[in-house]
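Below is one structure, written out as structure tokens; comments come after it.
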Amino acid sequence: MTSRTVLTKRLSRDTLTTPQTGSVAKGRRNTMLRWGLYAILILFALFYLMPLFVMLTTSLKSLEEIRTGSLLALPREITFAPWAEAWSSACAGTQCEGLRPFFWNSVLMAVPAVAISTVIGALNGYVFAQWRFPGANLFFAAILFGCFIPFQVVLLPMAQMLGLMGLAGTIPGLIFVHVIYGIGFTTLFFRNYYVTIPQELVRAAKVDGAGFFRIFFSIFLPLSLPIITVSVIWQFTQIWNDFLFGVSFSGPGSQPVTVALNNIVNSTTGVKAYNVDMASAIIAALPTLLVYVVAGKYFIRGLTAGSVKG
Amino acid sequence: MEWLDRNVPKLVLAPSCVAILVFVYGFIAWTAWISFTKSRLMPRYELDGIGQYERLFAAPRWDVAMNNLFIFGGLFIVISMVIGLALAIFLDQKIRAEGVLRTIYLYPMALSLIVTGTAWKWILNPGLGIQEAVRGWGFEGFTFDWLIRPEMAIYTIVLAAVWQASGFVMALFLAGLRSVDTEIIRAAQVDGIPTHRIYSAIIIPTMAPIFLSAFIVLAHLAIKAFDLVIALTGGGPGYATDLPATYMYAMAFSRGDLGQAASSAMIMMLVIFAIVVPYLYSELRPRRDQ
Amino acid sequence: MPILEIDHLQKAYGDTHILHDINISIEEGDFLVLVGPSGCGKSTLLNCIAGLEPITGGTVRIAGRDVTGVSPKDRDIAMVFQSYALYPTMSVAKNITFGMKVRGVDKATQDQKLAQVASQLQIEPLLNRKPGQLSGGQRQRVAMGRALVRDPKLFLFDEPLSNLDAKLRVSMRTEIKKLHQDLNASIVYVTHDQIEAMTLATRIVVMKGGVIQQIGTPAEIYNRPANMFVADFMGSPAMNLIPARVRSEAGQTRIEIDRSGDAPLVITDPVSRDLPAEIVLGVRPEDIHEATGNAHLPGTAQGAGGDVMIDIVEPAGADTFAVTHLGGKPVTARLRAESAVRARAPFPLAFDLSKVSYFSPKDGERLN
């Protein structure tokens, strides 16, 4: 299908005023095109769904069935044993407690880091949007720029710094790192949101006698639910899914779930338990998938806001 | 009190600015400095010229990593854009169940690259994965063993990365298509402009900024790609799928070669700068008057 | 004691001067309108009075107190904004009482003042609504309520009617005027609409390019504009500005105006005036009459019967506007509705010279 025919259809559908030539031959051709269109769209949907399907079915099969059956076949006999093992007894390196402790590490890391970076981002965005001062743009550019650096460039000094602060290999250390490098995005979100609120509101409140924080809490915060949602979802997804900081700065007791998953999958001891690997992968993915399913609209808004400014 | 009143905004901003100054710019400076020293296992601070960079560019492993970056980056960006644009245009045809399809196309973006890597590693595994499944359907000669072939393994990373990001590109383009003013299209149609001209002269040019954004985001993802390689190939076979990010990590944490880690990180940053700085500059400039 | 006194106020961003040496003084109960084209600095001046923008030089006094550098909340002012700036998440009642709440006024007083203002503005049924549920006119009332409830020394209005449709604007204008009379409030009001300025003000400040062009009562501004800018800006249709030559002879002033396709039109001002050879004659459309039957007017056009060629006739109900060409410029006359004037035909016109203004073509300043 060429883009031209696609556009033709798009346009003819949009404009009822355009006389439809509507000959029988053309109508049949259009129907064919439409079926082709759906076929392509469904094929792509299968492509995107396939890995999830494979993960899920594999995680419900016994190792025996995996060895003898096909990757794409549904399980003949459903077993939840791999899930139990993944959760509480699979070996990540030498530690054989499953994903559970690491899952909680991730929770303990993500929740405060998301909360702190969102609060800081909201206040920063409020200043940049509504309390501009000479040079503020320069600071904004500087903070924005921090969103784009490859983290490799701060990895070495951060490792040293965490050591100096006594936070090396701890969850607070990871929280600290995620907050620092999350501020750029949260600030960007809130700044772009607050910039759309007329400045006269702040002026009116100033004349009414309210100060910086009063205006923030009474007027701006109640307006912010959508952007708070976007920021929380973005930060949560980023932090939960992070691997680089996790693998670089965590210690044996503080590894996040992504690091543990990688360790379980690459564990060399014993028989390769693909079903446990897949169950582990789903468990690690579950929180962000859940967020996506529940609040997909805000997830997409975060993605696009994070990439296309404004 | 008056002073405090007037300066509250600056005081609120100060901690973030200091943090960014130290932890972004200070750290970049530190890394840059180290890249010009003889640091190995421990940081040393006497400057020693560009020795680290000479070593870096002489290292065959770095050569592979940079080559891989161009192969991976180029294919990843082009394929994701093509698929993304095609899906966006297809989805824009008043498709039934558009919401469901969109949700399916985009969900991989919510996954950790470690999860993606783990899943694709299992699917592409020649012993029990897709190769075996297709052979099971009767195609006995079917071979799909890229994962274990050094010269092909990098393409498995492209495959998994495209799977993860193309839905996102679709979402960007779809938003772009929907933002084209239908009145302009109608006006052009009433003027009797042929549809392919409307397409090439109106819709595509309006979407130019979206192409740019998509390119920037994808390039950025490509250069930072680390998790996916670790989970999917571990950089192997051998170091056939090393990327600058994994090279840097290996130097920093397994080889204990800080000088090489620092200089490779600096090169990564320069590559990103070359792409992002012009973009950021053009984005920030018209906003200055606000 | 003046309620507002602005002394040598300057405002600049770096090298860009926004306001030059502003001096204004108004008494209690005055309704001061700042008027001018967009970008003339009138809103900036209002914000400087409010303390929302710092000033670069000079002083601002409100009720005798020097408030230069004092923050807006301590200036005893209230302000109504162009976009109304209602707090979107608060109900109408909360919007109105927010200022009192911030200042720690007790609940009973808040309620009592709210009730009083609500009945004054007839917005009682709206008190529990959110701003998003109100029409433009209702928002406007709430914004005024928020200002009134504060009972300040000085009210500031920043183009409060510009977001309303034409009909509502007229009725709100009347209401603001009534409010001003009832409360004897002191008001500074910014607008770009000269009709609004004329109808509301007790005093008008005309601004252009950050410089005050003229300060005066509406009548002064209208009848004796200080320069060609004010003459052109105030009044609709605008004052006719006609290039002319002057010859003084025997206690009279003879004024020659070029007329297309005919000899120059010569009119005689019986008063001897000290005018340069080249002037611009400023005459309002309503001061140009049909010559017939108005022969007693001092400025009746002489020679060639005072006929001018009429280009266009625009009947406008109560009046008929006739457009001709004099001195190379289109000139509009406001004639009676039943006038026999016809387009593309000569018609006798007379200028009421007791009301004309003379301007210097060099600097545009008034000469008489």
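Order of the sequence lines fixes the chain letters, A, B, ..., with proteins taken first and strands second; residue numbering starts at 1 for each chain.
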Go through the atoms of [X] and report whether side chain, backbone, both or neither lie under 4.5 Å from a heavy atom of chain A.
X	value
F23(B)	both
Y105(B)	both
V277(B)	side chain
P108(B)	side chain
I130(B)	both
L21(B)	neither
W163(B)	both
V276(B)	side chain
A262(B)	both
L101(B)	side chain

Measuring only between side-chain heavy atoms, which start at C-beta, is V265(A) closer than 4.5 Å to K121(B)?
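With C-beta onward as the side chain, the pair touches.
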Measure from the side-chain N and O atoms of Y107(B) to the backbone N and O of Y48(A), and report whether any donor-acceptor pair falls under 3.5 Å.
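At least one qualifying donor-acceptor pair exists.
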Within the side chain of S166(B), is there an N or O that forms a donor-acceptor pair under 3.5 Å with the backbone of G84(B)?
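The answer is no, because no donor-acceptor pair under 3.5 Å joins these two groups.
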If I measure from the heavy atoms of chain B, does [X] come under 4.5 Å with its side chain, its backbone, both, or neither?
X	result
M158(A)	both
V247(A)	both
F47(A)	both
Q160(A)	side chain

Within 45 degrees of the axis of the six-membered ring of W131(A) and under 6.0 Å from its centre: does K206(A) put its NZ or CZ there?
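Here K206(A) passes the 6.0 Å and 45° test against W131(A).
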N124(A) and S16(B) side chains, donor-acceptor separation under 3.5 Å:
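The answer is yes; a qualifying pair exists.
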Side-chain donor-acceptor pair present, S112(B), W240(A), cut-off under 3.5 Å
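Not at all, the side chains of S112(B) and W240(A) share no donor-acceptor pair under 3.5 Å.
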Using the ring pair (Phe, Tyr, Trp, His ring centres under 6.0 Å) definition, which of the options F249(A), F245(A), F236(A) pairs with H178(A)?
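With H178(A) as partner, F249(A), F245(A), F236(A) yield a single ring pair (Phe, Tyr, Trp, His ring centres under 6.0 Å), made by F245(A).
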Can you tell which of P287(A), A159(A), P51(A) has the highest number of heavy-atom pairs within less than 4.5 Å of chain B?
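Of the candidates given, the most pairs with chain B belong to P51(A).
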When heavy-atom pairs shorter than 4.5 Å are enumerated against chain B, which of T237(A), L155(A), I120(A) gives the highest number?
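Top count of heavy-atom pairs under 4.5 Å with chain B: L155(A).
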